[in-house]
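Throughout, a chain's letter reflects where its sequence line sits, starting with A, and its residues are numbered from 1.
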Amino acid sequence: ETGVTQSPTHLIKTRGQQVTLRCSSQSGHNTVSWYQQALGQGPQFIFQYYREEENGRGNFPPRFSGLQFPNYSSELNVNALELDDSALYLCASSPGLASYEQYFGPGTRLTVT
Amino acid sequence: GIQVEQSPPDLILQEGANSTLRCNFSDSVNNLQWFHQNPWGQLINLFYIPSGTKQNGRLSATTVATERYSLLYISSSQTTDSGVYFCAVLTASGTYKYIFGTGTRLKVLA
């Protein structure tokens with residue numbers, strides 16, 4: 001148990017729809033990173049939030065967006081869903097911007113049909 | 001960017017056997033971490049090991065930063081060790097983020 005929770009656990013959406021995934025960080029952690037893990041691949045960095053501001057982004061299009069709230073929980077929003085967006089979405093919380101400690105949540109499995 | 005390669009991609013062992021998993025990375029890194037991903041997708045931290053050797057029970061890891069590789073040793077494997085093992089390197093170019101390898105899928109047979 002890492003103390004990081006994600007919701008929902010599973011989700012099925014249709015191509016073109018929009019989806020919001022949620023992450024509650026571990027107590028005391030102010031930094032949240034989001035990763036996408038396609039089937040058979042390692043997780044890929046989407047973006048990171050620190051104290052409600054985006055602090056770096058991977059190679060993902062603008063239809064992937066996020067938010068971080070004052071309690072440091074976070075949302076990942078994906079617009080105009082494509083079939084290739086089907087993946088496990090993982091969030092990781094860490095105690096600070098320059099910390100190497102990242103604790104991962106259990107993930108949300110998104111299927112786009 | 002940094003490339004992370006893991007070998008072997010797949011490994012099947014009989015319970016009780018030992019194994020060595022390898023991770024090569026293409027540039028110097030701030031940190032390296034080994035994870036075990038269980039069948040439900042949860043990533044479990046095994047070791048933070050930017051250099052040197054660490055041991056935790058039947059698992060141990062060694063990173064030789066100057067030669068850009070890390071090894072994960074699993075001794076006396078058990079069926080519960082099955083899953084995918086990832087190494088991930090921490091890069092601090094602008095953002096502290098992990099770059100993951102493609103993983104080693106381990107299956108331990110009873």
Side-chain angles (χ1 to χ4, degrees), chain A residues 1-6 8-11 21 23 26 29-50 53-60 66 86-111, chain B residues 1-10 21 23-26 28-52 54 63 65 70 72 83-107:
Chain A
E1 282 290 328
T2 63
V4 181
T5 61
Q6 292 186 244
T9 306
H10 296 89
L11 201 52
L21 311 181
C23 171
Q26 190 167 320
H29 288 192
N30 58 20
T31 305
V32 173
S33 302
W34 285 92
Y35 293 80
Q36 181 197 63
Q37 186 178 14
L39 198 62
Q41 304 292 319
Q44 286 199 311
F45 176 76
I46 303 174
F47 44 54
Q48 182 182 82
Y49 277 83
Y50 170 68
E53 298 284 333
E54 186 179 293
N55 180 63
R57 187 179 185 92
N59 190 24
F60 282 82
S86 295
L88 181 67
Y89 288 85
L90 297 160
C91 80
S93 78
S94 57
L97 196 58
S99 172
Y100 61 82
E101 299 178 56
Q102 293 201 12
Y103 298 90
F104 283 82
T108 293
R109 195 168 296 278
L110 172 65
T111 302
Chain B
I2 294 176
Q3 304 296 315
V4 182
E5 295 180 354
Q6 292 185 243
S7 60
D10 295 281
L21 282 57
C23 172
N24 293 331
F25 45 97
S26 61
S28 57
V29 297
N30 292 73
N31 197 24
L32 184 143
Q33 190 165 351
W34 282 98
F35 293 91
H36 175 214
Q37 188 168 43
N38 66 22
W40 298 272
Q42 176 74 60
L43 279 169
I44 300 161
N45 299 347
L46 297 177
F47 295 103
Y48 297 103
I49 185 163
S51 62
K54 289 187 178 180
T63 297
S70 183
L72 177 69
V84 184
Y85 289 81
F86 287 103
C87 77
V89 298
L90 185 70
T91 172
S93 54
T95 306
Y96 273 65
K97 61 181 180 287
Y98 275 102
I99 308 294
F100 283 77
T102 50
T104 292
R105 186 174 301 274
L106 174 65
K107 186 166 187 176

Holding to side chain to side chain contact (heavy atoms under 4.5 Å, CB included), I want the full list of residues that pass it with A:Pro8, two or more places apart in sequence or in another chain.
A:Leu11, A:Leu21, A:Thr108

Given heavy-atom pairs under 4.5 angstrom as the criterion, report whether the side chain, backbone, both or neither of B:Tyr98 touches chain A.
both

For the rings on B:Phe100 and A:Tyr35, is their centre-to-centre separation under 6.0 Å?
yes

Heavy-atom check, side chain of A:Tyr50 versus side chain of A:Asn30, under 4.5 Å
yes

Just give me the residue among A:Gly42, A:Pro43, A:Gly107 that pairs up with chain B most often, heavy atom to heavy atom, under 4.5 Å.
A:Pro43

Need one label for A:Gln48: side chain, backbone, both or neither, based on atoms under 4.5 Å from any heavy atom in chain B.
side chain

Side chain from CB out, backbone as N, CA, C, O: work out which of these in B:Gln6 comes under 4.5 Å of a heavy atom of chain A, or both, or neither.
neither

Heavy-atom distance under 4.5 Å between the side chains of B:Gln37 and A:Leu88, does that happen here?
yes

List for me each residue that meets side chain to side chain contact (heavy atoms under 4.5 Å, CB included) alongside A:Pro95, sequence neighbours excluded, and say none if there are none.
A:His29, A:Ser99, A:Glu101

Which bit of B:Asn30 comes within less than 4.5 Å of chain A, counting heavy atoms only: side chain, backbone, both or neither?
neither

